[in-house]
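Here is the structure we will look at, set down as structure tokens.
Just so we're clear, the structure is a prediction, and the values are computed from it rather than from any experiment.
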Amino acid sequence: MTTNGFDPFEWRSFYFPGMSREEAHKLLGEPQVSIGTFLMRDSSRPGEYSLTVREADEGNAVCHYLIERGEPKEDGTAAAGVKIANQSFPDIPALLNHFKMRVLTEASLLAAYKKPIIEVVVGTFKFTGERETDLPFEQGERLEILSKTNQDWWEARNALGTTGLVPANYVQIQMEFHNDRTSKGASQSSIGSSGGGAERFSSASTSSDNIELQPRLPAKAKVTFDRVPNAYDPTQLRVKKGQTVLVTQKMSNGMYKAELDGQIGSVPHTYLRFTAVSE
């Protein structure tokens with residue numbers, strides 16, 4: 001039996017920008033794909049997403065669900081949150097987590113469809129990351145390259161399945177892959193493409209104010225996003241935007257070990273922002 005083996009907060013690891021409905025249908029319609037396997041892609045409606053799910057072995061086996069933006073506020077500004085089939089959620093992780101436990105039409109979300117590997121690399125230098133969408137890594141760490149958004153920044157996945165962008169000049173290619181699954185469906189140039197690369201999945205400023213400071217630990221950090229981890233994983237720490245946590249350890253997978261109100265657990269680096277470097 002397939003288990004709920006995906007992290008809703010790492011949804012970009014199974015998000016395929018540029019993939020068409022037909023390509024997604026073909027990929028998840030392959031006989032070897034199990035029920036409950038899914039991926040996310042861009043909708044034909046600008047700024048919105050689609051959830052494609054393998055829900056059965058026969059008949060209409062693959063279903064597509066529109067993930068809409070929240071309703072505009074009374075003043076006309078865009079509302080936070082997303083909707084699917086008239087159900088509203090504060091964000092995409094909350095939506096995905098909901099359907100890990102509940103059925104869409106015939107199945108719940110059991111396993112994310114992994115992006116195919118095009119190369120394996122190792123870090124030639126340590127990279128701490130500058131933006132929330134970057135993937136920090138250590139010198140000598142092995143990474144799987146999923147796409148090359150441009151010549152300078154590549155999308156990578158580490159050993160724990162966390163994905164993000166890495167600088168191409170910080171890694172060395174160890175092995176190249178020629179994946180038949182990619183050639184049958186979407187082209188590699190579209191799978192994993194960030195639609196511009198230079199934005200590195202983010203519209204945040206590149207000013208020095210946004211560069212993550214690397215303090216001497218232990219150090220305090222502000223939480224930048226709400227995070228409700230899987231209830232069955234006691235090693236993860238639940239945090240809310242605006243809280244201050246004490247970071248005690250940085251792990252090679254991009255996670256920090258932190259303490260909040262006597263509770264100790266792991267938090268992704270993308271959810272924390274150090275305000276000053278410790279002396």
Side-chain angles (χ1 to χ4, degrees), residues 6-13 91 93-94 97 120-146 152-172 200-279:
F6 69 93
D7 183 351
F9 292 92
E10 295 291 342
W11 62 271
R12 286 197 179 276
S13 67
D91 52 29
N97 193 59
V120 171
V121 302
V122 294
T124 51
F125 306 98
K126 179 178 179 178
F127 176 61
T128 58
E130 299 174 352
R131 300 190 182 187
E132 294 169 0
T133 51
D134 291 346
L135 179 65
F137 57 86
E138 300 292 332
Q139 183 179 7
E141 183 174 351
R142 179 185 183 276
L143 301 169
E144 298 171 343
I145 300 302
L146 309 178
D152 298 320
W153 291 93
W154 298 349
E155 186 182 13
R157 178 168 59 210
N158 66 18
L160 291 186
T162 304
T163 62
L165 297 181
V166 301
N169 59 347
Y170 272 51
V171 298
Q172 181 177 3
R200 293 161 55 185
F201 292 159
S202 172
S203 59
S205 168
T206 57
S207 70
S208 59
D209 291 340
N210 283 334
I211 297 178
E212 181 182 350
L213 301 173
Q214 298 299 314
R216 182 180 302 168
L217 300 181
K220 293 182 178 181
K222 283 286 188 182
V223 178
T224 55
F225 301 99
D226 292 346
R227 185 170 196 260
V228 182
N230 191 322
Y232 298 100
D233 187 350
T235 67
Q236 304 290 314
L237 188 64
R238 178 172 182 164
V239 292
K240 292 185 177 181
K241 182 178 180 179
Q243 289 180 323
T244 299
V245 300
L246 179 65
V247 177
T248 58
Q249 180 184 350
K250 181 179 180 182
M251 295 176 280
S252 61
N253 59 13
M255 302 281 280
Y256 283 112
K257 184 172 287 186
E259 180 178 348
L260 175 66
D261 298 331
Q263 300 293 318
I264 298 175
S266 304
V267 183
H269 82 284
T270 55
Y271 286 77
L272 300 176
R273 183 69 66 199
F274 294 101
T275 56
V277 176
S278 301
E279 296 296 333

Atom pair CD (Q243) and CG (L260), whose distance is rounded to the nearest 0.5 Å: 5.0 Å
Spacing of CG belonging to L165 relative to CG belonging to D152, to within rounding of 0.5 Å: 11.5 Å
Contact summary for P93 and P8, nearest pair of heavy atoms: O-CB, 3.4 Å
Inter-residue atom distance F9.CZ - N97.CG, 0.5 Å rounding: 7.0 Å
K222 versus T244, side-chain donor and acceptor atoms under 3.5 Å: yes
Stepwise salt bridge (charged side-chain N to carboxylate O under 4.0 Å, His left out) test for E144 and R142: CA-CA 7 Å; E144 298 171 343; R142 179 185 183 276; 3.7 Å; yes
Point-to-point distance, once rounded to the nearest 0.5 Å, from CG of L143 to OH of Y170: 14.0 Å
Atom pair CZ (R157) and OG1 (T163), whose distance is rounded to the nearest 0.5 Å: 8.0 Å
Beyond-backbone contact of R273 with E132, side-chain heavy atoms, under 4.5 angstrom: yes
D134 side chain near W153 side chain, heavy-atom distance below 4.5 Å: yes
Contact summary for V247 and A221, nearest pair of heavy atoms: CG2-CB, 4.0 Å
Nearest non-hydrogen partners of I145 and A156, listed with the distance: CD1-CB, 3.8 Å
V267 vs V245 side-chain heavy atoms within contact, under 4.5 Å: no
Minimum-distance pair of heavy atoms, taken over all atoms of T124 and Q172: CG2-CB, 3.5 Å
Approximate separation, where rounding is to 0.5 Å, of R12 CZ and L146 CG: 13.5 Å
Check: F137 and V171 side chains under 4.5 Å, non-hydrogen atoms: yes
Which atom of D226 lies closest to which atom of K241, heavy atoms considered: OD1-N, 2.6 Å
Heavy-atom side-chain proximity of K250 to Y256 below 4.5 angstrom: yes
Heavy-atom side-chain contact between L272 and V223 under 4.5 Å: yes
